[in-house]
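A quick write-up on the structure given underneath.
The shown structure was predicted, so the numbers you read here are calculated from the model rather than taken from an experiment.
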Amino acid sequence: QVQLAESGGGLVQTGGSLRLSCTASGRPLNQFHMGWFRQPPGKEREFVGGQSRNGESTGYADSVKGRFTIFRDNAKDTVYLQMNNLKPDDTAVYYCAATLIGSSWYRDSGSYGAWGQGTQVTVSS
């Protein structure tokens, strides 16, 4: 079992930056492919980005490509989501997720077996 805990959310103005952290406990993070998802107010959860366990493959939703970056520090069992040039449409609860399945990350939330509790990101206009 792995437990995930996100942190780093908050209120930021349009154009600002935030860095979210997702720290794993119970098992080493380098065993897992990781995903980031978000749920905007009144909408369904959506894929943001994912990274393979070895860090060699990373992918992003078109809506965040070029603005968001996923990177990890396996020594700290932490994966990060660096968010730059934030927009009001980025307002959501952000979740990290982990999976042991397969060879890389997934866009489908159902492929992930472990989830964090979420952290709120609010971007003001």
Side-chain angles (χ1 to χ4, degrees):
Q1 289 281 355
V2 65
Q3 292 79 44
L4 304 175
E6 301 99 337
S7 61
L11 174 64
V12 64
Q13 292 185 334
T14 296
S17 297
L18 281 175
R19 178 178 293 179
L20 305 184
S21 300
C22 172
T23 300
S25 60
R27 294 186 68 165
L29 188 70
N30 60 13
Q31 296 181 356
F32 297 90
H33 309 303
M34 300 298 296
W36 283 96
F37 292 78
R38 66 187 182 186
Q39 187 163 16
K43 297 183 180 180
E44 295 186 351
R45 191 173 298 186
E46 61 186 29
F47 172 78
V48 172
Q51 187 174 75
S52 59
R53 65 169 64 97
N54 61 11
E56 292 183 354
S57 174
T58 307
Y60 302 93
D62 288 344
S63 59
V64 307
K65 201 172 295 182
R67 300 188 296 122
F68 290 12
T69 303
I70 296 172
F71 61 99
R72 61 170 75 199
D73 184 341
N74 286 330
K76 296 183 178 179
D77 286 322
T78 299
V79 62
Y80 302 93
L81 180 66
Q82 176 68 42
M83 306 185 295
N84 297 329
N85 191 21
L86 283 160
K87 305 174 181 180
D89 284 349
D90 295 318
T91 295
V93 178
Y94 283 73
Y95 300 88
C96 63
T99 183
L100 292 169
I101 300 172
S103 59
S104 192
W105 50 273
Y106 299 89
R107 294 181 181 269
D108 173 20
S109 62
S111 296
Y112 295 87
W115 291 81
Q117 81 286 355
T119 186
Q120 176 71 46
V121 171
T122 302
V123 184
S124 63
S125 57

Sorted by chain and residue number, the salt bridge (charged side-chain N to carboxylate O under 4.0 Å, His left out) partners of Lys43 (sequence neighbours excluded) come out as none

Which residue pairs pass the disulfide (SG to SG under 2.5 Å) test with at least one member in residues 37-80, sequence neighbours excluded? none

How about Arg27 and Gln1: do any of their side-chain heavy atoms sit closer than 4.5 Å? no

Please list all pairs meeting disulfide (SG to SG under 2.5 Å) that have one or both residues in residues 14-111, counting only residues at least two apart or in different chains. Cys22-Cys96

Contacts table for residues 102-110: side-chain donor-acceptor under 3.5 angstrom, sequence neighbours left out:
unit_1 : atom_1 : unit_2 : atom_2 : d
Trp105 : NE1    : Ser57  : OG     : 2.9
Tyr106 : OH     : Ile101 : O      : 3.1
Asp108 : OD1    : Gly110 : N      : 3.0

For residues 26-66, which residue pairs pass the disulfide (SG to SG under 2.5 Å) check, not counting sequence neighbours? none

Sequence-distant partners of Arg67, side-chain contact (heavy atoms from CB on, under 4.5 Å), two or more places apart: Val64, Asn85, Lys87, Asp90

Tell me every residue that passes side-chain contact (heavy atoms from CB on, under 4.5 Å) with Val121, counting only those two or more places apart in sequence or in another chain. Leu18, Leu20, Met83, Tyr94, Val123

By side-chain hydrogen bond (donor to acceptor under 3.5 Å, both in side chains), Glu46 pairs with (sequence neighbours left out) Arg38

Sequence neighbours left out, what pairs pass ring-ring contact (aromatic ring centres under 6.0 Å, His included) with at least one residue falling in residues 18-44? Phe37-Phe47, Phe37-Tyr112, Phe37-Trp115

Could you tell me whether a side-chain N or O of Glu44 sits under 3.5 Å from a main-chain N or O of Gln39, the two making a donor and an acceptor? no

Do Thr14 and Pro88 come within less than 4.5 Å of each other through their side chains, counting heavy atoms only? yes

When clusters are formed by joining ILVMFWY residues with side-chain heavy atoms under 4.5 Å apart, either directly or through shared neighbours, do Val2 and Leu81 land in the same one? yes

Looking at Ser63 and Ala61, would you say the former's side chain and the latter's main chain have a donor-acceptor pair under 3.5 Å? no

Considering residues at least two apart in sequence or located in another chain, which fulfil the side-chain contact (heavy atoms from CB on, under 4.5 Å) criterion with Val93? Tyr95, Gln120

Contact check, side chains of Gln31 and Leu100, non-hydrogen atoms, under 4.5 Å: yes

Quick one: list whatever passes side-chain contact (heavy atoms from CB on, under 4.5 Å) with Asp89, sequence neighbours left out. none

Side chains of Phe71 and Thr58: closer than 4.5 Å at any heavy-atom pair? no

With Asp73 via side-chain hydrogen bond (donor to acceptor under 3.5 Å, both in side chains) - residues at least two apart: none

